Amino acid sequence: MNSFDYKKEITVDSAIKAVSADYKAMFLAGGTNIIDLWKYNLAHPEKLIDINDIAALSIIEQLDNDGIRLGALVKNAATAYDPLVEKHYPLLSKAILAGASAQIRNMATNGGNLLQRTRCYYFYDPDVPCSKRMPGSGCPAIKGRNRIHAVLGASEHCIAVFPSDMCVALAALEAVVNVVGPEGERNIPFSDFHRLPGHTPDLDNNLQQGEIVTSIDLPPGKFSKHYAYLKLRDRHSYAFALVSVAAAFEMEGSTISKARIALGGVAHKPWRVPEAEELLKGRKTTVENFALAADRILSGAIGRGDNDFKIPLAKRAIIRACEMALEPEMQIPGAGPSL
Amino acid sequence: MENKSGILTSLTINNNDYKLELLPWVSLLDMLRERLNLTGTKKGCDHGQCGACTVLCDGRRILSCLTLAVSKNGSEILTIEGIAAGSELHPLQKAFIENDAFQCGYCTPGQICSAIGMLQEGKAQTREEVKELMSGNLCRCGANVGIIDAIMQVKEGSGHE
Amino acid sequence: MENKPLIGQPVSRLEGLEKVTGSARYAADYHVSDLLYGYVINSTITKGKILSIDVSAVLALEGVVKIFTHENRPSLAWFDLQYADMDAPPGTVFKPLSDNIIRYNGQPVALIVAEDFETARYASTLLKVVYKEEPFDTVLSQNLDKARAPKKGMSTPLKPPPPEPAGNFDKAFGKADFKTEATYHHGTEHHNPLELFATTAIYEGDGKLTIYDKTQGTINNQFYIANVFGLKYKNVRVLAPYVGGAFGSGLRPQHQLFLCVLASLELKRNVRVTLERKQMFSFGHRPQTIQSLRFSADSSGMLTAMNHCAAGETSSYEDYNEILSSWSHKLYPAANTLFEYKLVPLDLATPIDMRAPGGVTAMHAIECIMDELAYKLDMDPLDFRLKNYSEIDPSTKKPFTSKELKQCYEKGAEKFGWHLRNPKPASTKKGNRLVGWGMATGIWDAYQFPARAAAVLTKDSRLEVHNAATDIGTGTLTVMTQIAADEFGISADDVSFFYGDSKKPFSMFQGGSAITASTGTAIIAAIRELKKKIIKKIKEMPDSPFEKIPEHQIVFRNNSVSVQNRPDICIGFQDLIRANNGREFKVTKLAGPDVLKLRKYSKAAHSASFVEVEVDKDLGTITVTRAVTAVAAGKIINPKTAKSQILGSMIWGISKALHEETLIDPNLGKYINANLGEYHIPSHADIPEMEVIFAQEDDTLINELGVKGVGEIGMTAIPAAVANAVFHATGKRINDLPIHFDKLI
């Protein structure tokens with residue numbers, strides 16, 4: 001709600017310089033989250049550095065290794081409908097299109113999607129405690145209304161979930177986040193990008209002040225034949241996931257040669273358990289096998305009352321998403337169960 | 001206020017050119033409504049959760065409530081006031097009247113702008129796909145059936161003249 | 001050219017052009033010069049006191065003009081009665097900024113006024129309020145020990161207590177062969193019209209105001225403002241030409257109106273106050289309710305006993321009540337009945353009527369327990385209703401003015417294909433989905449309130465009709481125009497209906513699905529009076545061919561006055577005005593329900609809804625795929641707008657059944673999903689294939705038009721029909737609304 005300065009920067013270097021020099025400065029890309037947070041008195045930028053015109057970050061390109069690079073400033077809609085993405089990474093297209101609304105996807109950028117903040121009720125209310133907002137103030141969700149909250153990887157300080165759909169697919173696809181900052185470039189494996197809350201729930205991810213996401217690399221493993229994004233929510237569109245699953249396989253005959261399963265709506269970051277995926281390797285596509293993986297993924301899950309259902313629901317959703325991945329052409333708008 | 005100096009911003013709105021000195025904290029929505037008296041664009045939530053403020057920016061549908069006006073310097077904005085060609089209504093406007101696609105009318109400008117954007121995007125083929133891609137526009141009166149009927153009528157080119 | 005009758009025609013909305021071009025102006029859309037912007041500050045505690053308010057940082061901000069708090073609120077009307085609007089329940093009306101007491105979380109505690117909206121909003125973050133908190137109660141289920149009978153007041157005749165017990169419930173229920181009992185919990189709901197509550201007050205000088213307000217009652221708010229601020233009625237004009245939905249939330253003046261007017265009068269400036277979406281949760285709502293029902297039947301399927309005990313939430317300062325436990329006996333003729341309705345005061349804002357208040361809540365419980373009992377009896381749920389069909393109102397033993405519910409059952413069932421239903425739960429599968437069909441009965445009162453209308457044959461021979469009613473999206477403008485045109489025999493193009501303005505003749509407020517009956521009847525009465533006046537005039541004209549014609553043979557049609565079967569005698573409206581020396585004809589007339597006649601009857605609109613759902617067998621996700629509602633609501637003036645009313649209310653029913661709920665955190669005593677992202681109303685993707693059928697119902701008793709209103713009846717059967725369909729699909733009875741899909745796994 002506060003007033004702020006505004007400046008457009010058209011190079012990565014100048015943008016980084018502007019933000020790293022001033023800890024009250026923030027980048028402005030699509031704005032769909034930062035403007036929302038500012039209007040709720042949750043973000044208080046004193047300077048917004050508009051990076052939308054940095055042309056170098058606004059393209060999707062093929063990489064030499066047969067993967068592709070998604071510019072951080074490409075809009076979510078443009079990414080989902082990009083012919084390269086649609087053809088080679090349809091799982092990503094489906095996940096993006098399951099999120100938000102068409103208007104928001106027209107505005108929101110790929111980099112911004114990674115950096116969006118939780119939709120926890122309590123985080124969004126500046127008048128109540130929240131350790132993510134005010135470190136040490138406590139988490140009212142733990143003993144409050146927590147139907148939408150985390151069952152995996154939470155801490156006594158925070159049980160918020162990360163709301164992105166796109167990132168669930170990016171986790172499954174083992175994307176790499178390319179970052180530039182005052183200290184130079186970094187390439188962060190997707191699983192290391194977001195954090196669990198632990199003692200520092202105020203930190204959503206491992207980006208440092210002044211660092212900017214420049215692009216996201218999708219590796220050559222494309223999973224373009226057997227994939228599904230399943231999203232379960234309280235209305236059929238325009239709602240955040242209570243549980244979502246990105247599932248993808250590579251097959252040799254009727255045997256799974258490689259599996260990827262990532263969950264959304266259950267943790268402070270997209271949830272992946274590589275050991276569970278290993279379990280499926282060399283196995284047939286049976287419900288029993290999917291259930292094995294599901295049990296493994298949910299091991300250690302803790303319900304907090306209202307959200308207890310997420311544990312059995314997530315298991316069933318994993319099994320269903322795995323089944324759906326075998327018939328991707330059946331998938332329906334809104335990423336609901338298609339079988 | 002720490003900062004009173006406005007930023008000179010050029011915008012083309014409904015084919016009219018504007019040069020405005022704007023503070024950065026003014027949303028595109030508030031600029032349209034409070035500075036330019038273009039109140040056809042509605043504020044239903046101010047947080048990107050209802051779609052009532054949808055306008056077309058350089059041909060794409062966006063939410064004006066989550067957009068800083070200064071950040072659209074140089075853009076072309078089309079609002080509900082600029083949809084009709086003079087006194088000739090846009091086919092969607094006619095179809096909305098014909099199909100009783102509104103009751104209170106408050107979400108209507110956003111629905112129409114969004115539908116124009118959706119049809120231009122060309123991604124929705126079936127009725128189910130249209131419903132999904134229009135779901136960013138809520139209607140509390142429950143005029144949904146008429147809204148989708150109107151859009152399908154225009155999409156299928158059967159709009160009565 | 002012959003004017004065709006318009007009543008019964010699907011006329012498109014007359015304000016359609018304004019609504020599709022963005023030129024329709026709502027309360028916050030008025031551009032006036034030198035406008036100040038007010039921003040409301042809400043209490044962040046649930047109960048207690050304000051100890052101090054530090055306004056220094058707010059006032060230091062450039063652009064801030066003033067802050068109003070309880071510390072500097074000018075002295076205003078003293079008596080509660082002066083704050084009591086026409087819809088005020090018994091109790092003590094909330095008076096904004098009148099003291100330092102906090103009664104509920106979100107209560108307005110200050111208004112910041114600034115030169116622009118952004119500054120006012122920013123200033124709100126600089127205000128420091130120190131509170132002293134007290135323990136609070138906000139959850140109905142935890143406070144049932146405090147349940148007590150509602151206080152009686154002015155609104156009691158409109159919302160009477162449930163019928164007295166009949167027979168001996170305990171005995172009959174005790175020995176019944178077939179019986180069932182169940183408890184139904186409903187959470188809080190907020191109206192959330194898409195238009196934010198807003199007021200633009202234009203200071204006209206000298207204690208005079210023009211106010212654009214979001215309201216369902218222009219005169220209600222005019223009286224309120226005049227009484228509270230000590231202004232002359234004629235100096236307060238409240239206008240609401242367009243209202244962006246309200247659904248009951250605009251039945252009472254809301255606090256943004258008070259605060260906006262306060263600022264305008266104090267500062268002698270034009271002021272606008274618009275609430276934020278989260279502040280739309282800071283006044284009335286549909287209350288939490290808990291209903292316990294016990295129904296029994298004999299082996300033939302006749303109901304023998306019905307018990308309906310309901311508890312609803314109210315505030316600590318007013319006794320909001322609604323009709324919950326009266327409905328079953330208006331439908332079903334059980335000999336032994338016991339009904340109870342109690343209130344539990346909580347530390348929340350006073351609830352306010354929300355679309356089909358009470359009725360939709362009660363009918364969910366009643367029609368679910370009927371479904372459950374039908375299964376116990378091994379009867380088809382529809383046959384069970386037909387078996388217990390009553391032509392008269394069992395609770396009063398009076399006949400209905402009309403009741404075509406049977407037609408609704410038959411036509412709805414046929415359209416839906418109900419006879420194809422396999423009664424066995426969880427028996428129909430479609431891939432991984434279980435398909436379920438459910439039905440339920442709907443009922444709603446047929447209200448008519450007193451209203452006054454003016455009718456004018458103008459100098460340019462057009463008909464003008466005037467009434468202060470609003471059009472909240474219901475189609476009032478169109479329907480009133482149709483009624484007036486037919487009654488006066490004039491083409492609709494030559495009719496203007498002026499409305500949404502407190503300067504116009506009296507209308508109470510637009511609620512209870514009553515506006516067509518109320519304003520429509522007043523318009524008929526006024527036009528009849530106008531016709532009398534005109535007939536008198538033409539009979540007095542020199543050499544008038546009408547002189548000897550009996551009045552009942554004189555007809556108004558095709559923009560002229562003529563005589564039945566005498567085409568040679570005719571005078572056009574233009575000539576009429578000429579004969580009146582170029583002067584207009586004008587009358588006003590008050591009309592109300594014919595109480596003496598209606599005392600002998602019961603009155604109600606009825607409906608039957610049939611719903612198909614598909615439930616994923618593993619994941620529980622619920623999709624409503626089809627819904628049919630057949631409605632018996634008397635004459636349908638405009639089948640196009642009426643159908644839209646029914647479709648809209650059906651979607652409300654689906655939303656109540658499956659989607660919407662305001663969540664209260666019991667530890668914080670506040671609503672925590674106060675936004676449209678987490679308060680889920682249906683998106684386009686949630687809307688099924690839907691059909692509406694209007695039963696032929698000729699009602700010559702209910703009112704002059706034979707109408708019962710269609711704003712609410714379409715909603716009342718849907719939640720139970722959805723819940724019953726979910727049972728049929730899954731074999732699970734989920735009695736608490738909304739039915740979230742996770743309850744089915």
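Reminder, nothing fancy here: chain letters follow the sequence lines and each chain counts from 1. Keep in mind that the numbers below use all heavy atoms, side chains included, and drop hydrogens, waters and symmetry copies. None of the values given here were measured: they were computed from a predicted structure.
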Colleague: Answer yes or no: is there a side-chain heavy-atom contact under 4.5 Å between C:Glu678 and C:His680?
Modeller: yes
Colleague: A side-chain contact here means heavy atoms from C-beta on lying under 4.5 Å apart; do C:Val113 and C:Tyr37 qualify?
Modeller: no
Colleague: Between the main-chain N or O of C:Ile687 and the side-chain N or O of B:Asn144, is there a donor-acceptor pair closer than 3.5 Å?
Modeller: no
Colleague: Are C:Glu195 and B:Lys42 ion-paired here, with the side-chain N under 4.0 Å from a carboxylate O?
Modeller: no
Colleague: For the residue pair C:Ser655 and C:Glu660, confirm or rule out a side-chain donor-acceptor distance under 3.5 Å.
Modeller: yes
Colleague: So for C:Ile472, is it side chain, backbone, both, or neither that comes closer than 4.5 Å to the heavy atoms of chain B?
Modeller: backbone
Colleague: In terms of heavy-atom pairs under 4.5 Å, which option from C:Leu196, C:Val64, C:Thr474 contacts chain B the most?
Modeller: C:Leu196
Colleague: Of the listed residues (B:Leu38, B:Val145, B:Val26, B:Asn99), which shares the most heavy-atom pairs with chain C below a 4.5 Å separation?
Modeller: B:Val26
Colleague: In terms of heavy-atom proximity below 4.5 Å to chain B, should C:Tyr30 be classed as side chain, backbone, both, or neither?
Modeller: neither
Colleague: Between the side chains of B:Arg33 and C:Asp29, is the shortest nitrogen-to-carboxylate-oxygen separation below 4.0 Å, so that they form an ion pair?
Modeller: yes
Colleague: Could you go step by step and tell me if B:Lys72 and B:Asp58 meet the salt bridge (Lys or Arg N to Asp or Glu O under 4.0 Å) rule?
Modeller: CA-CA 10 Å; B:Lys72 291 299 167 194; B:Asp58 300 323; over 6 Å; no
Colleague: Under 4.5 Å heavy-atom distance to chain B, tell me which part of C:Glu118 shows up: side chain, backbone, both or neither.
Modeller: both
Colleague: For C:Ile654, is it the side chain, the backbone, both, or neither that has a heavy atom closer than 4.5 Å to a heavy atom of chain B?
Modeller: neither
Colleague: Checking heavy atoms, do the side chain of B:Ile97, its backbone, both or neither come under 4.5 Å from chain C?
Modeller: both
Colleague: Just how far is it from atom CE of B:Met134 to atom CG of B:Leu138, taken to the nearest 0.5 Å?
Modeller: 10.5 Å
Colleague: Can you tell me which of C:Leu35, C:Asp686, C:Asn675, C:Asp471 forms the most heavy-atom pairs within a distance under 4.5 Å of chain B?
Modeller: C:Asn675
Colleague: For C:Tyr679 and C:His659, I'd like to know if the aromatic rings sit close, meaning centre-to-centre distance below 6.0 Å.
Modeller: no
Colleague: Quick check for you: among C:Glu15, C:Arg277, C:Lys643, which has the greatest number of heavy-atom pairs under 4.5 Å with chain B?
Modeller: C:Arg277
Colleague: Look at B:Cys104, B:Cys141, B:Gly40, B:Gly142 and state which one has the largest set of heavy-atom pairs under 4.5 Å with chain C.
Modeller: B:Cys104
Colleague: Chain C heavy atoms under 4.5 Å from B:Leu133: which part of the residue, side chain, backbone, both or neither?
Modeller: neither
Colleague: Is it the case that B:Arg140 places NZ or CZ above or below the six-membered ring of C:Trp652, under 6.0 angstrom from the centre and within 45 degrees of the axis?
Modeller: yes
Colleague: Out of C:Gly22, C:Ser23, C:Ala198, return the one with the most heavy atom pairs under 4.5 angstrom to chain B.
Modeller: C:Gly22
Colleague: Less than 3.5 Å apart, any donor N or O on the side chain of C:Gln510 or C:Thr476 sitting next to an acceptor on the other?
Modeller: yes
Colleague: Determine the sole option in B:Asn14, B:Thr41, B:Thr39 for which the side-chain hydrogen bond (donor to acceptor under 3.5 Å, both in side chains) test with B:Thr79 is passed.
Modeller: B:Asn14
Colleague: Do C:Lys19 and B:Phe102 form a cation-pi contact, if we require the NZ or CZ to be under 6.0 Å from the six-membered ring centre and within 45 degrees of the ring's axis?
Modeller: no
Colleague: Does B:Glu76 reach the main-chain N or O of B:Thr12 with its side chain, forming a donor-acceptor pair under 3.5 Å?
Modeller: no
Colleague: Which bit of C:Gln645 is near chain B, if near means a heavy-atom gap under 4.5 Å: side chain, backbone, both or neither?
Modeller: both
Colleague: Which region of B:Val130, side chain (C-beta onward) or backbone (N, CA, C, O), has a non-hydrogen atom less than 4.5 Å from a non-hydrogen atom of chain C, or is it both or neither?
Modeller: neither
Colleague: Identify which of B:Asp30, B:Asp46, B:Leu92 forms the greatest number of heavy-atom pairs closer than 4.5 Å to chain C.
Modeller: B:Asp30
Colleague: Measure C:Tyr242 against the heavy atoms of chain B and call it side chain, backbone, both or neither at under 4.5 Å.
Modeller: neither
Colleague: Which residues in residues 118-128 of chain B have a heavy atom less than 4.5 Å from any heavy atom of chain C?
Modeller: none
Colleague: Check whether B:Lys43 gets within reach of chain C through its side chain, its backbone, both or neither, counting any heavy atom under 4.5 Å.
Modeller: both
Colleague: At a heavy-atom separation under 4.5 Å, does C:Leu676 approach chain B through its side chain, its backbone, both, or neither?
Modeller: both
Colleague: Does C:Ser644 offer a backbone N or O that forms a donor-acceptor pair with the side chain of B:Gln103 under 3.5 Å?
Modeller: yes
Colleague: On the 0 to 90° scale, with breaks at 30° and 60°, tag the C:His190-C:His285 ring pair as parallel, tilted or perpendicular.
Modeller: tilted
Colleague: Let me know if B:Ile83 has heavy atoms under 4.5 Å from chain C in its side chain, its backbone, both or neither.
Modeller: neither
Colleague: Using non-hydrogen atoms only, which part of C:Thr21 is less than 4.5 Å away from chain B: side chain, backbone, both, or neither?
Modeller: both
Colleague: When you measure from the side chain of C:Thr716 to the backbone N and O of C:Val360, does any donor-acceptor pair fall under 3.5 Å?
Modeller: no
Colleague: Go through the atoms of C:Ala123 and report whether side chain, backbone, both or neither lie under 4.5 Å from a heavy atom of chain B.
Modeller: neither
Colleague: Give the member of C:His191, C:Arg272, C:Glu18, C:Met280 that has the highest number of heavy-atom pairs under 4.5 Å with chain B.
Modeller: C:His191
Colleague: Between B:Asp100, B:Thr108, B:Leu89, who has the most heavy-atom pairs with chain C when the cutoff is under 4.5 Å?
Modeller: B:Asp100
